[in-house]
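One structure is given here, and the rest of the page talks about it.
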Amino acid sequence: MSHAIDQYVPADLPSRIQHYIGGRSVDSVGGATFDVLDPVSNQVYVQAAAGTKADIDRAVAAARQAFTEGPWPGMLPRERSRVLHRIADIVESRDARLAELESFDSGLPITQALGQARRAAENFRFFADLVVAQADDTFKVPGRQINYVNRKPIGVAGLITPWNTPFMLESWKLGPALATGNTVVLKPAEFTPLSASLWAGIFEEAGLPEGVFNLVHGMGEEAGDALVKHPDVPLISFTGESRTGQLIFGNAAPYLKGLSMELGGKSPAVVFADADLDAAVDATIFGVFSLNGERCTAGSRILVQREIYEPFVERYAAQAKRVVVGYPHEESTEVGALVHPEHYDKVMSYIEIGRGEGRLVAGGGRAEGFEVGNFVAPTVFADVPPTARIFQEEIFGPVVTITPFEDDAEALALANDTRYGLAAYVWTNDLKRAHNFSQAVEAGMVWLNSNNVRDLRTPFGGVKASGLGHEGGYRSIDFYTDQQAVHITLGKVHNPTFGKVADAGPEQRGHGS
Ligand code: NAD
């Protein structure tokens with residue numbers, strides 16, 4: 001089957017994408033713009049404002065003013081919560097349009113983009129609920145002292161986000177940052193600026209005060225860098241590649257900023273011989289090919305116990321070949337187009353590397369029938385040794401490795417044998433093994449006999465090169481707030497008195513001669 005390029009283009013695309021600063025949509029100070037491509041044709045469909053330090057300075061000044069002079073940080077949690085619920089309502093009511101634009105801009109399959117839009121609404125709703133239920137610690141020392149925590153927003157939060165599920169990942173930071181009373185400057189990913197530019201209208205409609213939300217588009221090395229180095233931005237929440245995280249960590253060090261780092265992954269999916277094989281095959285297929293494989297928690301290294309290894313590989317490869325690659329806007333599409341030709345080239349280069357490192361059992365290049373656009377066939381390499389680059393490095397596309405293991409000890413050694421530690425998936429029906437393995441694996445999050453389904457209250461974060469700190473639930477509230485400790489004396493003042501001996505002459509003080 002060959003697909004002609006009768007490309008789907010959403011109606012009413014914006015004619016340009018601007019920054020949003022202090023309640024106004026504006027161009028860059030210097031007027032610079034950058035090209036935005038759609039991943040199906042790789043044609044430029046719009047120009048976006050390319051922010052520089054001057055734009056970040058303006059955005060931070062607006063956010064700073066809204067923080068020091070505006071009502072937002074001092075509003076009752078219930079009042080802020082109402083605004084956040086309205087934001088969630090609006091996002092929900094526009095989920096189809098959001099998904100349409102996100103899918104067009106990022107290449108994500110439309111059904112999956114729709115799920116992400118709904119999840120974005122849920123993030124706002126969740127933090128709207130959490131801040132009104134927020135209780136802080138009080139410590140009593142009977143008759144003597146009472147101590148309480150005065151929780152305060154910190155100031156201007158800098159939010160830097162990646163291009164995979166952009167709208168949802170932005171909501172994940174915006175929700176808690178705003179719920180707790182901070183003001184923000186968001187620097188979204190340059191590959192996918194379209195959905196981010198919808199926030200301004202949504203926030204205005206929901207009644208968010210002017211200057212609380214600011215948005216600067218642009219390159220990471222320019223706009224992102226200026227945000228990281230701005231002295232009036234005490235917090236940076238970053239999601240992206242581990243090496244960008246390292247750079248930001250260094251750049252933020254002189255300012256001693258609060259940092260939350262959600263970074264890359266190369267997560268193992270471990271299938272023991274006693275597992276429910278039907279569920280394990282379905283889950284490990286979905287685990288790496290959903291969201292085009294552009295998923296930080298993708299189970300991109302499958303480890304399979306030797307007894308079931310060959311039948312597993314055969315079944316897995318057959319199913320991977322049936323995964324439907326298609327145009328992002330089509331309901332039947334399971335894998336769409338990768339975000340950008342640069343990323344496509346990167347994924348394809350790993351496929352070439354993989355040919356020399358493992359046994360190719362499915363896919364292996366451009367998806368059949370698509371002459372243009374960033375379409376990659378779901379690709380499976382079996383017999384991949386842990387020394388292989390495709391075993392060690394994050395590919396961030398629809399490419400998976402399968403490696404055999406003999407016993408629990410070897411499975412654990414293989415699972416832990418990368419620099420990353422974001423997620424791990426374990427498939428077994430042995431209760432003891434399941435828990436022992438989960439607790440020993442070096443991963444911030446483990447799913448046992450489960451795909452990646454996450455309750456919003458649970459901690460999210462990675463270990464090793466996959467991140468620093470945890471977000472999710474009250475941990476996000478902790479990141480975006482200061483917990484000032486206030487101590488009050490109740491009884492007699494506990495005051496060892498110095499300098500009490502009124503007329504102490506030099507002799508009494510022991511200095512006499
Ligand atoms: P990236 O690191 O290239 O870019 C992320 C953001 O950082 C972009 O907005 C970019 O413009 C900005 N940036 C780049 N250089 C910068 C600099 N020097 N200073 C400040 N900002 C800078 O990542 P990406 O390619 O957009 O996203 C894919 C990566 O994100 C993958 O590694 C993936 O695993 C990771 N990711 C992690 C999570 C998680 O929660 N752990 C979630 C999603 C994606």
Side-chain angles (χ1 to χ4, degrees), residues 34 36 48 50-53 56 105-106 108 116 119 123 158-173 185-193 196 215-230 233 236-253 255 257 259-267 288 290-300 338-340 342-347 393-397 418-423 443-445 452 454 458-472 475-476:
F34 64 93
V36 186
T52 59
K53 182 174 179 308
I56 289 290
D105 197 28
S106 68
L108 286 178
Q116 297 298 322
R119 182 76 165 182
N123 279 333
L159 313 178
I160 303 179
T161 49
W163 47 257
N164 67 317
T165 62
F167 192 77
M168 193 285 286
L169 285 176
E170 290 151 15
S171 74
W172 183 351
K173 299 185 189 303
V185 177
L186 169 66
K187 207 303 279 173
E190 55 268 43
F191 283 175
T192 52
L215 165 71
V216 177
H217 291 287
M219 302 301 128
E221 300 73 13
E222 284 250 8
D225 187 60
L227 189 56
V228 168
K229 293 176 180 164
H230 201 297
V233 179
I236 295 287
S237 176
F238 170 78
T239 299
E241 283 191 23
S242 299
R243 65 165 185 274
T244 317
Q246 280 174 309
L247 201 63
I248 290 177
F249 201 80
N251 289 340
Y255 305 92
K257 300 198 177 204
L259 292 174
S260 171
M261 295 273 173
E262 302 291 0
L263 308 175
K266 190 77 184 176
S267 302
V288 73
S290 53
L291 305 178
N292 298 341
E294 298 162 324
R295 177 171 201 154
C296 55
T297 50
S300 51
L338 299 192
V339 68
H340 192 275
E342 271 173 33
H343 185 58
Y344 173 86
D345 289 345
K346 175 185 153 182
V347 172
E393 298 173 23
E394 185 183 41
I395 300 174
F396 219 55
T418 72
R419 62 195 283 259
Y420 294 106
L422 192 55
M445 296 166 284
N452 178 340
R454 187 179 150 259
T458 61
F460 186 102
V463 297
K464 294 158 72 179
S466 289
L468 188 77
H470 286 87
E471 296 194 33
R475 292 160 195 85
S476 299

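Order of listing sets the numbers, starting from 1, for every ligand and every atom in it.
Side-chain atoms of R419 and S242, non-hydrogen and from C-beta on, do get closer than 4.5 Å to each other.
Here the heavy atom of the protein found nearest to atom 3 (O) of ligand 1 is T244 OG1, 4.0 Å. Summary of contacts: the protein heavy atom closest to atom 22 (C) of ligand 1 is G220 CA, 3.4 Å. Scanning all protein heavy atoms for the shortest distance to atom 32 (O) of ligand 1 gives E394 OE1, 2.6 Å. Atom 5 (C) of ligand 1 has T239 O, 3.7 Å as its closest protein atom, hydrogens excluded (heavy atom only). Looking at atom 24 (P) of ligand 1, its nearest protein heavy atom turns out to be W163 NE1, 3.4 Å. From the protein, the heavy atom lying nearest to atom 44 (C) of ligand 1 is N164 OD1, 3.2 Å. Residue, atom and distance of the protein heavy atom nearest to atom 8 (C) of ligand 1 are T161 O, 3.3 Å. Nearest non-hydrogen protein atom to atom 7 (O) of ligand 1 is F238 CE1, 3.2 Å.
At a 4.0 Å cut-off, at least one heavy atom of A189 sits close enough to ligand 1 to count as contact. For the ligand labelled ligand 1, residue G245 lies outside the 4.0 Å heavy-atom shell.
Atom CH2 of W172 and atom CG of L159 lie 13.0 Å apart (nearest 0.5 Å). Going from atom OH of Y255 over to atom CD1 of I236 covers 11.0 Å, rounded to the nearest 0.5 Å.
When N251, T192, I160, T297 are checked for heavy-atom proximity to atom 12 (C) of ligand 1, I160 turns out nearest.
Contact atoms of ligand 1 toward P188: 9 (O) (distance under 4.0 Å to a heavy atom of the residue). Within the listing of ligand 1, atoms 41 (N) sit less than 4.0 angstrom from a heavy atom of L422.
Residue K53 qualifies as open at atom NZ: its count of foreign heavy atoms under 6.0 Å is 12 or below. The environment of F34 atom CZ is dense: over 12 non-hydrogen atoms of other residues, nucleotides or ligands sit within 6.0 angstrom.
At a heavy-atom cutoff of 4.0 Å, ligand 1 is contacted by both the backbone and the side chain of K187.
Applying the salt bridge (charged side-chain N to carboxylate O under 4.0 Å, His left out) test to R243 and every residue at least two apart in sequence or in another chain returns E241. Under the side-chain hydrogen bond (donor to acceptor under 3.5 Å, both in side chains) criterion, K257 pairs with no residue, sequence neighbours left out.
The shortest non-hydrogen separation linking I395 to K346 is O-CE, 3.9 Å.
Side-chain atoms of K173 and T239 include a donor-acceptor pair closer than 3.5 Å.
Taking any N or O of E241, backbone or side chain, at least one lies under 3.5 Å from an N or O belonging to ligand 1.
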